[in-house]
Amino acid sequence: MERNEAIKTESAMAGEPGGDEASRGKAPERANTRANTRKVFVKTYGCQMNVYDSERMEDALTQGGYVRTDRMEDADLVLLNTCHIREKAAEKVYSEIGRIRRLKEARAKNGGKLTLGVTGCVAQAEGEEIFRRAPVVDLVAGPQTYHDIAAMVARAEGGEKVIETEFEIEEKFAKLPAPTRQQTIARGVAGFLTVQEGCDKFCTFCVVPYTRGAEVSRPASQIIEEALRMVDAGVKEITLLGQNVNAWHGSDDGNGNGGAMRLGDLLHRLAEISGVERLRYTTSHPIDMDDGLIDAHRDIGKLMPYLHLPVQAGSDRILKAMNRHHTAAEYLDIIERVRKARPDIAISGDFITGFPGESDEDFEATMEIVRAVNYASAFSFKYSPRPGTPGAELEDQVPEEVKGERLARLQELLGEQQQAFNRDCIGRTIDILLEKKGRHEGQLIGRSPWLQSVVVEGDLSEIGHMLTVKVASSGPVSLLAERV
Ligand code: 5AD
Ligand code: SF4
């Protein structure tokens with residue numbers, strides 16, 4: 001897979017269509033070979049919001065004199081932008097720190113220096129504990145502090161142990177520098193734009209409300225400005241990001257004095273920008289799926305027919321224990337209304353197996369809702385108790401092997417549905433956005449309206465263009481197409 005090697009996305013987390021999704025549209029930037037320039041390597045774990053944050057930190061550092069490198073071995077500064085959503089994700093970070101410790105020691109022996117920072121949700125959740133467990137780390141910075149990243153790095157390079165985990169989200173967006181045109185161009189034709197951050201929902205399994213803080217929406221004017229800049233740099237497809245993106249709210253005049261706006265209204269505004277060819281948004285919560293947003297799927301041609309709407313479980317008892325604020329029937333009703341508005345819409349979801357107290361019968365209800373919805377793609381996980389969340393305190397934890405067996409059954413069903421969805425595309429004529437070169441010479445990879453990768457023959461000069469193709473065959477995760 002082609003990707004910007006300096007931004008590595010390790011794991012597929014959800015709302016977060018996967019590692020592939022998180023790194024799409026990237027092209028390597030030219031390496032700077034000046035020997036005296038300090039080099040930064042950012043490694044990104046987890047969701048697309050982290051990808052977006054990593055890009056902003058890179059922008060701040062490169063505008064402050066750093067250059068990016070795609071090799072950790074060459075870096076003077078390594079930032080690990082981390083994910084804390086499941087235990088495995090957090091543990092990966094510590095094993096990476098172990099590897100970097102050896103690199104740092106080898107560098108020190110030769111009189112060199114390497115500064116190591118941990119940012120993101122592990123930094124926020126663990127704080128000082130990171131220094132205790134991994135003294136090799138020089139900097140710990142939570143997700144709401146990145147506007148100060150350059151200053152924090154300078155202090156860490158001066159030998160200080162720097163820790164910053166305050167919640168200052170408004171400042172983060174107001175003060176982070178805008179990417180330069182060149183930086184945006186280098187990231188490709190499909191770009192992410194964070195419109196909302198944090199979460200007030202407090203699902204009982206989830207750390208996000210603790211690591212990302214309360215829900216905050218960026219002002220509409222700031223978002224539109226950023227979208228205009230992206231388009232000016234050649235971006236054709238914008239994916240609006242937020243932990244709870246459909247909880248976004250704003251006002252017409254951007255100062256809170258105009259008419260109230262919800263995500264559907266924002267999508268209308270963005271669709272008016274000439275040069276924006278496609279719009280997407282992720283991740284949504286069922287209870288924020290308002291009529292305006294559902295209607296937007298009917299009324300905005302540029303809004304792609306794809307909805308990532310996690311349900312997590314199919315049993316009302318478990319949904320209640322998860323604090324999801326909706327029943328299975330209410331979720332199905334939303335799906336029905338969305339499909340009425342946009343009949344060809346692809347539905348994607350997130351699922352958890354083995355939440356505390358989940359019986360065989362509860363799990364069967366999850367299988368049932370999957371059958372009822374018929375998903376085009378999905379992300380599913382074994383329940384991972386996260387310290388500090390209510391779920392972790394519950395007594396009736398489900399044994400690992402039961403979680404695993406249920407996950408295997410669920411993934412088999414979801415896999416069949418995804419393959420069937422892909423197979424249904426065969427013979428259809430569709431428009432794809434050509435995003436990057438393919439694995440083989442003369443091949444390009446484009447994106448279908450339903451977020452599938454589409455392999456087609458083509459020339460590199462065509463990247464960034466829309467192309468009409470006919471789907472010839474399908475695999476589990478991609479389509480093969482011919483020009484028409
Ligand atoms: N265990 C397993 N999966 C989780 N998710 C969030 N927290 C946990 C957890 N503790 C999953 C949910 C969510 C996605 C981002 O990650 O499905 O939608
Ligand atoms: Fe976590 Fe639930 Fe908020 Fe999603 S809605 S970020 S799962 S607490």
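Quick note: residue numbers are just sequence positions, from 1. Each ligand, and each atom within it, is numbered from 1 in the order the structure gives.
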Could you tell me if the side chain of Asp138 sits less than 4.5 Å from the side chain of Val162, heavy atoms only? no

Aromatic ring proximity, centroids under 6.0 angstrom, Tyr383 and Phe355: yes

Tell me if the centroids of the rings in His84 and Tyr94 come within less than 6.0 Å of each other. no

Phe205 N/O to ligand 1 N/O under 3.5 Å: yes

Is the closest side-chain donor-acceptor distance between Tyr210 and Thr389 under 3.5 Å? no

Region of Lys382 engaging ligand 1 - heavy atom pairs below 4.0 Å: backbone

Judging by distance only, is a nitrogen or oxygen of Arg386 under 3.5 angstrom from one on ligand 1? no

Does Arg406 pair with Asp360 as a salt bridge, N-O distance under 4.0 Å? yes

Could you tally the protein N/O/S atoms lying less than 2.8 Å away from atom 2 (Fe) of ligand 2? 1

Determine, step by step, whether Ser315 and Asp362 satisfy the side-chain hydrogen bond (donor to acceptor under 3.5 Å, both in side chains) criterion, reporting the C-alpha distance in whole Å, the side-chain angles of both residues, the deciding distance to 0.1 Å, and the verdict. CA-CA 5 Å; Ser315 145; Asp362 291 322; 2.8 Å; yes

Parallel, tilted or perpendicular: which fits the ring planes of His308 and Phe379, with parallel below 30° and perpendicular above 60°? perpendicular

For Gln312, the atoms of ligand 1 under 4.0 Å from one of its heavy atoms are 12 (C), 13 (C), 17 (O), 18 (O)

Report yes if some N/O of Arg86 lies less than 3.5 Å from some N/O of ligand 1; otherwise report no. yes

Ser380-Gln411 side chain donor-acceptor pair, cut-off 3.5 Å: yes

Given Gly391, Ser380, Ser384, Pro310, which one has a non-hydrogen atom that is nearest to atom 10 (N) of ligand 1? Ser384

Side-chain touch Cys121/Arg212, heavy atoms, less than 4.5 angstrom: yes

